[in-house]
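Here the structure is laid out as structure tokens; the discussion comes afterwards.
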Amino acid sequence: MKLIFEKSVSGRMGVTLPKPGVPKSDLNIPEEYLREDLNLPELSEIDVVRHYTSLSLKNFGVDSGFYPLGSCTMKYNPKINESIASFPGFRNSHPYQPEGGSQGALQLMYKLSNYLCEITGMDAFTLQPAAGAHGELTGLMMAKAYLKKKGEERKNILIPDSAHGTNPASSVGCGFDTIKIETNRKGTVDLEALAAAADENTAVLMITNPNTLGIFEKDIVNISKIVHSHGGLVYLDGANMNAMLGIVKPRDMGVDMMHLNLHKTFSTPHGGGGPGGGPVGVREFLKDFLPAPIIEKKKDKYILNYDVTNSIGRVKPFYGNFGVMVKAFTYIRMLGSQGLKDVAENAVLNANYLMRKLKEDYLLPYDVVCKHEFVISGENQKKDGVSTMDIAKRLLDYGFHPPTIYFPLIVKEAMMIEPTETESKQTLDEFADAMHKIAEEAKTNPDIVKSAPHITPTRRLDGVLAARKPIVKYKPSDSDV
Amino acid sequence: MKLIFEKSVSGRMGVTLPKPGVPKSDLNIPEEYLREDLNLPELSEIDVVRHYTSLSLKNFGVDSGFYPLGSCTMKYNPKINESIASFPGFRNSHPYQPEGGSQGALQLMYKLSNYLCEITGMDAFTLQPAAGAHGELTGLMMAKAYLKKKGEERKNILIPDSAHGTNPASSVGCGFDTIKIETNRKGTVDLEALAAAADENTAVLMITNPNTLGIFEKDIVNISKIVHSHGGLVYLDGANMNAMLGIVKPRDMGVDMMHLNLHKTFSTPHGGGGPGGGPVGVREFLKDFLPAPIIEKKKDKYILNYDVTNSIGRVKPFYGNFGVMVKAFTYIRMLGSQGLKDVAENAVLNANYLMRKLKEDYLLPYDVVCKHEFVISGENQKKDGVSTMDIAKRLLDYGFHPPTIYFPLIVKEAMMIEPTETESKQTLDEFADAMHKIAEEAKTNPDIVKSAPHITPTRRLDGVLAARKPIVKYKPSDSDV
Amino acid sequence: MNFVPNTKKEREEMMDFLGISSITELFEDVDAGIRNKDDLKLPEPMSEIEIIDYLGELSSSNHNMQDFACFLGAGAYYHFIPSVVDHLLLRGEFYTSYTPYQAEMSQGMLQSIFEFQSMICELTGMDAANASMYDGASALSEAAILAAKYTEKKSIMISKAVHPEYRHVLKTYANAFGLKILETEMENGLSDIKDIKTKLNDSCACVIVQFPNFFGNIEELKEIGDLAHKNDSIFVTNVVEPISLGLLKPPGAFGADVVVGEAQALGNPLNYGGPHLGFMATKEEFLKKIPGRISGLTLDTSGERGFILTLQTREQHIRRERATSNICTNQALNALAATIYLAVMGKHGLKEAAEICYQRAHYASKKISDVKGFEMRFSVPFFNEFLIECPKSPKEINRTLLSKNILGGFEVGKYYEEMENCMLLCVTEMNTKSQIDELVNAIAEGLP
Amino acid sequence: MNFVPNTKKEREEMMDFLGISSITELFEDVDAGIRNKDDLKLPEPMSEIEIIDYLGELSSSNHNMQDFACFLGAGAYYHFIPSVVDHLLLRGEFYTSYTPYQAEMSQGMLQSIFEFQSMICELTGMDAANASMYDGASALSEAAILAAKYTEKKSIMISKAVHPEYRHVLKTYANAFGLKILETEMENGLSDIKDIKTKLNDSCACVIVQFPNFFGNIEELKEIGDLAHKNDSIFVTNVVEPISLGLLKPPGAFGADVVVGEAQALGNPLNYGGPHLGFMATKEEFLKKIPGRISGLTLDTSGERGFILTLQTREQHIRRERATSNICTNQALNALAATIYLAVMGKHGLKEAAEICYQRAHYASKKISDVKGFEMRFSVPFFNEFLIECPKSPKEINRTLLSKNILGGFEVGKYYEEMENCMLLCVTEMNTKSQIDELVNAIAEGLP
Ligand SMILES: Cc1ncc(COP(=O)(O)O)c(C=O)c1O
Ligand SMILES: Cc1ncc(COP(=O)(O)O)c(C=O)c1O
């Protein structure tokens with residue numbers, strides 16, 4: 001399909017704007033600061049509508065079908081969320097408008113923080129972080145500030161080897177060193193390895209629970225104790241909270257700080273890669289370190305308090321991805337306590353059901369009860385020359401979005417599958433069917449799998465070429481590569 | 001694809017509603033008036049979203065691509081129209097709310113009528129009719145009432161043989177007889193035939209100008225004179241007004257009454273078959289016959305006047321398709337006088353350009369300058385066994401919506417093509433290319449045309465079967481026809 | 001803005017191709033004598049920013065039900081529309097398409113029309129339905145015409161308890177089509193069966209009643225239907241508040257031959273009166289007499305199921321003067337809204353909505369009747385609308401209510417002289433208990 | 001509502017298949033000791049009707065720029081968003097998808113990201129750009145980190161004329177990443193070149209200025225860039241009001257190595273501060289150092305052009321602790337909004353918008369300067385924001401303005417003590433002349 005630039009026709013117009021309508025001033029900007037050309041495309045409104053309508057048809061979302069991308073909680077995004085986020089008082093409010101005219105927004109943020117506290121058991125939340133990884137960074141900055149305040153120079157962050165890539169990346173970003181903790185044969189943190197690694201140099205354990213294998217760290221209380229016993233902090237990567245809503249509070253696992261992914265657990269749409277929300281919750285003793293401003297209630301007024309004693313400072317201008325918060329708030333208020341628990345229970349039921357079904361054809365490296373997701377391996381199929389990549393691509397032909405693949409790294413030929421609670425049994429059965437057919441094809445007709453996809457808008461794309469000879473912006477001459 | 005009923009699962013829920021929240025009353029409706037079962041589908045919100053998203057992907061609109069359906073003016077529908085029509089004061093206003101709280105709506109309707117008067121030269125408009133055909137009926141009812149008032153019992157309506165089917169259907173609906181007037185070799189009304197048919201029994205001439213061949217009736221002034229000389233009225237089917245905006249006013253052609261199609265000329269979307277708007281405009285002497293209420297301005301207030309002396313009565317509860325009027329109003333106000341004239345000029349330029357291009361491969365039965373549309377014939381191709389139906393179906397494979405086919409009836413193997421002004425030269429060239437390829441295929445590989453379409457969601461559908469054994473609603477047993 | 005993509009250069013290229021030097025040459029067939037001499041006298045064009053401003057203000061000068069407690073119904077209903085409905089309606093593939101003449105490229109609309117027809121049949125208890133009509137009133141008029149043609153009789157019997165504006169429209173149509181209207185009286189808010197019996201005669205093509213009727217009351221369909229049938233008249237039932245069918249037995253179960261009505265209440269906004277959504281459903285035997293589009297099931301050349309506009313020989317574009325009706329453009333997008341609405345509400349949702357309407361309306365009627373001077377005018381079963389007799393002019397009461405952001409009931413005196421002191425109130429799932437209580441308080445307050 | 005489709009029966013079938021009799025069995029690995037004993041203490045669930053009511057009210061208790069004449073900018077801009085932008089954004093295929101890991105099923109997002117990158121490069125005059133960052137401030141911080149890594153130096157020089165909250169965020173990041181911040185002073189509303197010259201030293205990884213700067217003034221990029229480069233420091237330019245680039249030469253033309261910033265102004269609503277849209281663009285040589293997603297052009301197995309996430313070895317999911325950044329989820333949908341916005345505005349539209357902003361802002365600045373007591377604080381070229389020195393407290397003035405439905409300027413004293421009497425006003429294409437005139441009148445009125 002042509003690029004929008006390639007559809008441009010010199011002189012074409014897509015909008016009309018009002019006349020300036022004021023006496024014209026001479027430009028007092030020095031000549032050499034004035035733009036000469038601006039090669040944006042020139043199109044009419046109909047061109048733009050058709051172009052992006054066509055592009056949308058080459059994209060697949062939860063609204064298109066099953067999207068079991070593990071670790072990403074691709075659940076259904078209720079349409080009401082979108083409608084409410086576009087209410088004019090939310091959508092068109094300026095972050096610097098007076099507090100008196102922002103009571104709705106502040107109240108919403110204040111209450112949302114409280115709900116998140118109740119759900120997680122934490123004592124306070126900041127809503128500033130824009131995504132999970134941003135939350136991790138924020139949390140670790142607070143840990144660093146806290147330790148520094150205590151006069152401790154702890155350098156190490158312990159991270160299970162199954163952790164998401166953002167965990168180590170955030171750690172080094174914060175100037176920490178990372179120490180990898182091995183996963184045992186049951187798919188959980190190896191207690192001995194942890195005990196061996198934890199010491200007075202341990203700043204933080206970053207743990208994901210349920211972990212990225214979809215398995216609940218049943219020793220979590222002990223794990224926390226070990227870390228605490230060495231004076232370290234326990235940070236929970238709460239991206240997988242969908243499985244735990246109303247079941248267990250991270251606080252009760254011994255967690256000191258954590259982030260949540262609003263765009264996963266609380267059903268705000270993923271937007272093709274964002275925006276998200278990564279609020280960070282902490283226990284009382286870390287509250288003073290939260291980024292300023294924090295929202296407080298004084299009598300009947302909600303206010304922004306910029307005066308936070310040991311605050312690490314801002315991590316975001318203004319107050320965070322407010323529009324995303326509106327959606328999460330809507331979701332929580334529509335579900336309530338029972339609704340949230342239903343979410344966790346059904347997410348876990350769906351995952352276990354699908355896991356058991358797929359186990360008939362695929363290797364299940366950790367064959368235990370899972371939570372919101374599970375990881376199977378394409379190793380059996382690999383013997384027939386069919387890789388997990390091939391299986392994923394073949395799934396496209398069956399009209400499904402593939403699982404997360406080759407992650408977590410500790411499972412060879414990994415396929416990480418998270419069905420979420422918003423999928424029905426029929427859909428799971430249909431997906432299992434497709435996976436079964438592919439397993440059969442891998443035996444009887446491996447070429448059809450290896451050359452997949454066949455019916456997508458493009459055939460398999462060459463990632464190596466893209467990286468070897470990177471073309472990352474339009475140049476007229478590249479248009480006919 | 002499955003029907004929504006076939007996706008139903010007993011017990012599934014798509015919405016939650018509030019509790020009644022009032023002390024419960026016993027149902028005082030007699031038992032035998034209470035419903036026992038209601039076999040609506042049972043689905044969750046995600047099921048519904050996916051179902052209708054999928055269905056939309058099996059549909060083609062102007063937003064998808066070129067849609068040169070002749071006589072239908074499938075122009076681009078500016079998105080701003082939709083946004084404005086959903087402003088809460090328009091969308092959520094009740095037709096019986098007090099006039100004082102309806103000034104915005106009344107003002108809009110009042111002004112819209114005035115704009116339509118200015119555009120057409122008529123003296124008054126009613127906005128009640130819901131579509132073009134509804135407008136025709138309204139106009140003819142007024143003609144009937146007017147003649148009756150004058151004590152005349154005229155029975156005949158003269159209709160050129162190229163007219164749209166609604167013209168004769170509306171006429172007989174009103175209790176008139178129709179007399180067909182032949183089209184001459186130049187594609188216009190045969191003056192002699194008209195002169196021969198017009199007499200003291202002539203109630204109305206219903207004429208379309210430009211007519212459905214896309215040709216301007218250049219004798220229109222004479223035509224009107226002939227009809228008037230016998231005491232008849234001239235009714236203009238204004239569905240083709242797109243070609244005439246700002247160029248000529250129907251009043252100046254001698255027209256006494258006419259309708260407009262808001263959903264064609266004024267760019268309100270066609271909605272998959274509606275809603276539309278078919279305002280009817282009349283000259284002063286017919287004003288008293290308009291359906292009540294009419295909107296008037298009294299001092300600074302807009303009011304509904306129900307007291308119209310000779311009114312034919314209502315043709316619609318409330319005031320018409322108000323939401324459609326909002327869009328037409330927006331359109332007129334954004335374009336203004338020059339913009340509307342641009343529309344006509346560009347619509348005519350586009351049509352002539354495309355006509356000339358297609359003439360190289362297809363028979364052009366009336367080879368004269370056209371207006372907004374033109375009619376070519378597949379007769380040449382028919383010799384190779386390829387029908388106009390086949391050509392239309394083959395166009396689907398090329399990604400275009402086919403023209404209107406087999407209409408007007410006076411052209412064999414007719415293809416009626418209306419590109420509209422909102423299409424670019426590139427699009428016209430691409431379409432001409434496809435038509436050229438099909439003409440080639442008709443000669444070299446007719447089977448590929450005759451068996452088209454090949455890449456649509458379904459192959460060619462059997463209309464005869466559908467009519468012979470009509471199945472027009474879901475029954476569980478039919479689901480596996 | 002003119003939404004024309006072509007640039008000057010492109011236009012010139014096209015003119016070159018045509019061998020002309022000005023677009024005006026393409027208009028030479030328009031006699032110079034009639035060509036516009038002056039520019040149209042229209043206001044200056046506006047940019048998008050300006051039009052939003054301008055129409056935003058105009059819209060604000062209109063009442064908007066979101067800002068009121070709305071107890072106004074009378075044929076146009078403020079019901080809940082799940083947000084999913086509009087999200088799906090706004091898909092360009094739907095709303096920028098037209099009548100699905102090219103079935104292979106229009107399966108989306110065709111299948112959804114088929115689903116609409118099926119749902120309407122299910123709601124009404126009928127065998128067949130069309131793709132939509134302009135509105136309830138034109139559907140009712142077309143039903144009368146259908147009956148007249150089918151029976152070859154010329155009188156249309158209609159109850160005065162049918163929506164007055166529908167009867168006005170019917171009268172307009174009847175005048176043109178040469179039909180005679182026979183109106184029958186009411187008795188305690190219901191169609192007077194005795195009067196029907198008295199007036200029924202050989203010329204009656206059909207008997208039309210509304211269910212629930214204009215006053216919200218539940219007509220005795222069974223008895224009326226039997227009378228009609230005994231007289232060889234077609235029994236037509238008009239439904240204007242179809243949410244009621246979540247609770248009530250479908251007219252088909254009482255012998256209705258044709259059920260017409262207005263389905264705005266199903267997923268369509270008020271829109272100051274339109275576009276709304278007419279429908280027509282009939283028994284099997286009338287299938288080939290139905291006006292308008294019908295989507296039918298069929299097979300494609302590879303034997304797969306698909307949908308296509310069917311029985312088109314009924315329609316104007318084929319049959320011209322012999323068509324069953326002149327209808328062409330209809331209310332397809334509104335029908336799609338209703339279809340999506342019914343799909344997401346589903347069996348349980350619609351029942352529940354009907355139940356809430358019923359319960360809240362009855363609570364309101366009781367509370368209002370408890371206010372001194374206010375009385376229920378009728379004592380028959382009703383659904384969610386009821387007529388209240390007031391101790392002073394309803395107009396005055398409504399004015400007081402309005403000042404408290406309450407939109408009171410319809411002043412029926414406008415159409416029924418004998419009920420000048422009456423107000424028709426409507427209660428839906430949008431009216432909370434506290435809104436009802438406020439209404440009652442406001443009414444009581446204004447009393448001496 | 002829980003949005004769970006499965007019915008009780010289906011759940012039972014699934015449990016049967018799993019051989020369990022209660023879902024609780026699936027949670028046995030969660031120590032009973034830590035499992036929640038009580039229900040979560042959350043408000044009662046609401047139906048859609050109720051939540052619309054509730055949040056509708058909450059939303060109404062917030063100022064909404066549509067109801068005001070808004071002269072507030074300072075990093076968040078109320079610009080025109082053509083309605084086509086939202087219509088396209090609301091297509092489910094876009095907004096319910098995630099990062100396009102599976103290229104063949106995600107060409108829509110991938111191509112639009114490629115288009116976004118291209119447009120950002122064009123606007124800024126750079127060679128490469130990424131798919132988006134959280135916001136301008138995190139983009140700026142990441143640029144500093146990139147510079148520090150690239151140059152292996154530890155100091156970040158930044159002008160005080162950069163948005164104060166961006167500098168706060170940078171400070172937070174710098175603390176964590178072990179970087180030192182060197183702030184440089186201002187002179188007549190511009191970065192003080194002498195101060196830069198004085199403070200530049202071997203440890204300076206980069207020099208950061210904003211263009212136009214926080215006060216709307218147009219920095220002397222050429223001179224500053226030359227200084228930076230002479231010092232072997234990377235020259236980073238931050239753009240927060242990118243509409244200005246319709247009028248101004250791109251930073252790349254002045255030697256910027258990295259251009260970061262905030263593109264909310266391009267098609268994204270204010271949203272009370274977020275989600276907005278960070279971007280980063282660089283010269284070719286930094287391509288492999290850029291954080292975040294990048295869409296690259298490639299071919300498929302049949303030789304057709306397509307797009308794919310490329311250079312992923314920079315990213316956390318591959319490179320983990322050695323990644324260029326930890327960013328994963330970004331602001332993709334906001335980037336799509338900007339892309340559609342720029343496509344429909346196009347070359348002419350953006351230029352025109354910039355011109356209107358400029359003209360109206362200069363008209364406003366002149367008119368206000370004419371009011372006794374009000375003075376332009378600086379006398380340098382500016383784009384559409386300008387600092388006014390007031391004869392009394394800006395807070396008080398703003399209060400008066402608010403009572404007239406005017407949202408006055410940003411009170412910069414909050415962040416610049418020495419400018420306590422100053423107000424930063426912003427004028428865009430949304431401010432009509434009459435709004436400006438009203439502002440001027442309102443200001444004048446309040447004076448003694
Ligand atoms: C387990 C886990 N942790 C952290 C993240 C990072 O979150 P985000 O993408 O919102 O930055 C993700 C998501 O990608 C995740 O799945
Ligand atoms: C020439 C002409 N006349 C009348 C009509 C009828 O208009 P409508 O479909 O709005 O009833 C049409 C459109 O279909 C038409 O093209």
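Not measured: the values here are computed from a predicted model.
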Query - Part of Phe307(D) within contact of chain A (heavy atom distance under 4.5 Å) - result: both
Query - chain A contact via Ser59(D) - side chain, backbone, both or neither, heavy atoms under 4.5 Å - result: both
Query raised in the report: Side-chain donor-acceptor pair under 3.5 Å between Asn59(A) and Ser56(A), yes or no?
Result: no
Report task. May I ask you to decide whether Glu118(A) forms a salt bridge with Lys249(A), counting only side-chain N to carboxylate O separations under 4.0 Å? Result -> yes
Report summary line: Greatest number of non-hydrogen atom pairs under 4.5 angstrom with chain A, of Leu311(D), Leu247(D), Asn334(D), falls to Leu247(D)
Query raised in the report: So which part of Lys24(A) gets closer than 4.5 Å to some heavy atom of chain D, the side chain, the backbone, both or neither?
Result: both
Requested in this report: Answer with side chain, backbone, both or neither: which region of Val368(A) has an atom nearer than 4.5 Å to a non-hydrogen atom of chain D?
Outcome: neither
Query - Ion pair check, Arg314(A) and Glu165(D), cut-off under 4.0 Å - result: yes
Report task. Could you walk me through whether Leu297(D) and Tyr474(A) pass side-chain contact (heavy atoms from CB on, under 4.5 Å), step by step? Result -> CA-CA 9 Å; Leu297(D) 194 152; Tyr474(A) 165 72; over 6 Å; no
Report task. Look at Glu48(D), Glu304(D), Glu57(D), His317(D) and state which one has the largest set of heavy-atom pairs under 4.5 Å with chain A. Result -> Glu48(D)
Query raised in the report: What residue, out of Met253(A), Gln107(A), Glu423(A), has the most heavy-atom pairs lying under 4.5 Å from chain D?
Result: Glu423(A)
Query raised in the report: Are the side chain of Gln359(D) and the backbone of Ser25(A) linked by a donor-acceptor contact shorter than 3.5 Å?
Result: yes
Report task. List the steps and the verdict of side chain to side chain donor-acceptor pair (under 3.5 Å) for His63(D) and Gln103(A). Result -> CA-CA 9 Å; His63(D) 288 333; Gln103(A) 289 297 299; over 6 Å; no
Query raised in the report: Is any side-chain N of the basic residue among Glu421(A) and Lys75(A) closer than 4.0 Å to the acidic one's carboxylate O?
Result: yes
Requested in this report: Sort out for me which of Ile356(D), Leu350(D), Leu336(D) touches chain A most, counting heavy-atom pairs under 4.5 Å.
Outcome: Ile356(D)
Report summary line: So, the part of Leu140(A) with a heavy atom under 4.5 Å from chain D: the answer is neither
Query raised in the report: Of the listed residues (Arg35(D), Met1(D), Glu28(D)), which shares the most heavy-atom pairs with chain A below a 4.5 Å separation?
Result: Met1(D)
**Report entry** chain A contact via Thr329(D) - which portion, at a heavy-atom distance below 4.5 Å
**Finding:** both
Query raised in the report: Under 3.5 Å, is there a donor-acceptor pair between the side chain of Ser106(D) and the main chain of Pro100(D)?
Result: no
Query raised in the report: Side chain, backbone, both or neither: which part of Pro41(A) has an atom under 4.5 Å from a heavy atom of chain D?
Result: both
Query - Residue Asp86(D) versus chain A: region with a heavy atom under 4.5 Å - result: side chain
Requested in this report: Inspect the contact between Asp31(D) and Lys218(A) and indicate whether a charged nitrogen and a carboxylate oxygen are less than 4.0 angstrom apart.
Outcome: no
Report task. Measure distances from Lys41(D) to the heavy atoms of chain A and classify the residue's part below 4.5 Å as side chain, backbone, both or neither. Result -> both
Requested in this report: Return yes if some donor-acceptor pair links the side-chain N/O of Ser61(D) with the main-chain N/O of Leu58(D) below 3.5 Å, else return no.
Outcome: yes
Report task. Using non-hydrogen atoms and a 4.5 Å limit, figure out which bit of Leu123(D) sits close to chain A: side chain, backbone, both or neither. Result -> both
Query - Distance-only side-chain donor-acceptor flag, Asp300(D) / Thr458(A), under 3.5 Å - result: no
Query raised in the report: Given a strict heavy-atom distance threshold of 4.5 Å, which part of Leu88(D) is in contact with chain A: side chain, backbone, both, or neither?
Result: side chain
Query raised in the report: Does Ser93(A) use its side chain to pair, donor to acceptor, with the backbone of Phe90(A) at less than 3.5 Å?
Result: yes
Requested in this report: Let me know if Ile215(A) has heavy atoms under 4.5 Å from chain D in its side chain, its backbone, both or neither.
Outcome: neither
Query raised in the report: Quick one: are Pro23(A) and Tyr363(D) in side-chain contact, heavy atoms under 4.5 Å?
Result: yes
Query raised in the report: Checking Tyr96(A) against chain D: side chain, backbone, both or neither under 4.5 Å from a heavy atom?
Result: both
Query raised in the report: Is there a donor-acceptor contact under 3.5 Å linking the side chains of Asp462(A) and Thr298(D)?
Result: no
**Report entry** His164(A) portion near chain D, given a 4.5 angstrom heavy-atom threshold
**Finding:** both
**Report entry** Residue part contacting chain D, namely of Tyr52(A), when any heavy atom lies under 4.5 Å
**Finding:** both
Query raised in the report: Do you know which of Val30(D), Leu407(D), Asn398(D) has the most heavy-atom pairs under 4.5 Å to chain A?
Result: Val30(D)
Requested in this report: Measure distances from Lys341(A) to the heavy atoms of chain D and classify the residue's part below 4.5 Å as side chain, backbone, both or neither.
Outcome: neither
**Report entry** Atom group of Asn350(A) that falls short of 4.5 Å from chain D, counting heavy atoms
**Finding:** both
**Report entry** chain A contact via Val84(D) - which portion, at a heavy-atom distance below 4.5 Å
**Finding:** side chain
Report task. Would you confirm whether Asn62(D), through its side chain, and Gly89(A), through its main-chain N or O, come within 3.5 Å as a donor-acceptor pair? Result -> yes
**Report entry** Heavy-atom pair count under 4.5 Å with chain D, highest-scoring of Gly272(A), Gly175(A), Ala169(A)
**Finding:** Gly272(A)
Report summary line: Closest non-hydrogen atoms of His51(A) and Leu3(A), given as atom of the first, atom of the second and distance, are CE1-C, 3.9 Å
Query - Part of Phe80(D) lying under 4.5 Å from any heavy atom of chain A - result: side chain
Requested in this report: For the pair Glu122(D) (side chain) and Asn39(A) (backbone), establish whether a donor and an acceptor sit closer than 3.5 Å, ignoring hydrogens and angles.
Outcome: yes
**Report entry** Per-residue contact mode, Tyr272(D) against chain A (heavy atom under 4.5 angstrom)
**Finding:** both
Query raised in the report: Do Glu136(A) and Ser170(A) pass the side chain to side chain donor-acceptor pair (under 3.5 Å) test, and can you show the C-alpha distance, the side-chain angles, and the key distance before you say yes or no?
Result: CA-CA 6 Å; Glu136(A) 294 172 16; Ser170(A) 302; 2.8 Å; yes
Query raised in the report: Which bit of Arg322(D) comes within less than 4.5 Å of chain A, counting heavy atoms only: side chain, backbone, both or neither?
Result: neither
Requested in this report: For chain A, find which of Ser302(D), Pro250(D), Ser325(D), Gly306(D) contributes the most heavy-atom pairs closer than 4.5 angstrom.
Outcome: Pro250(D)
Report summary line: When the 4.5 angstrom heavy-atom criterion is applied to Ile247(A) and chain D, the contacting part is both
Query raised in the report: Which bit of Glu345(A) comes within less than 4.5 Å of chain D, counting heavy atoms only: side chain, backbone, both or neither?
Result: both
Requested in this report: Select one option (side chain, backbone, both, neither) describing which atoms of His401(A) are under 4.5 Å from chain D's heavy atoms.
Outcome: both
Query raised in the report: Does Lys249(D) come within less than 4.0 Å of Glu36(A), counting only side-chain N to carboxylate O?
Result: yes
Report summary line: Highest number of heavy-atom pairs under 4.5 Å with chain D among Thr178(A), Leu43(A), Val348(A) belongs to Val348(A)
**Report entry** Contacting moiety of Ile294(D), where chain A heavy atoms sit under 4.5 Å
**Finding:** side chain
**Report entry** Salt-bridge criterion met for Glu104(D) and Arg460(A) (N-O under 4.0 Å)
**Finding:** no
**Report entry** Side-chain donor/acceptor of Gln97(A) to backbone N/O of Gly101(A), under 3.5 Å
**Finding:** yes
Query raised in the report: With only heavy atoms counted, which part of Glu355(D) is less than 4.5 Å from chain A, the side chain, the backbone, both or neither?
Result: side chain
Query raised in the report: Quick one: what part of Met334(A) sits under 4.5 Å from any heavy atom of chain D, side chain, backbone, both or neither?
Result: both
**Report entry** Part of Leu402(D) within contact of chain A (heavy atom distance under 4.5 Å)
**Finding:** side chain
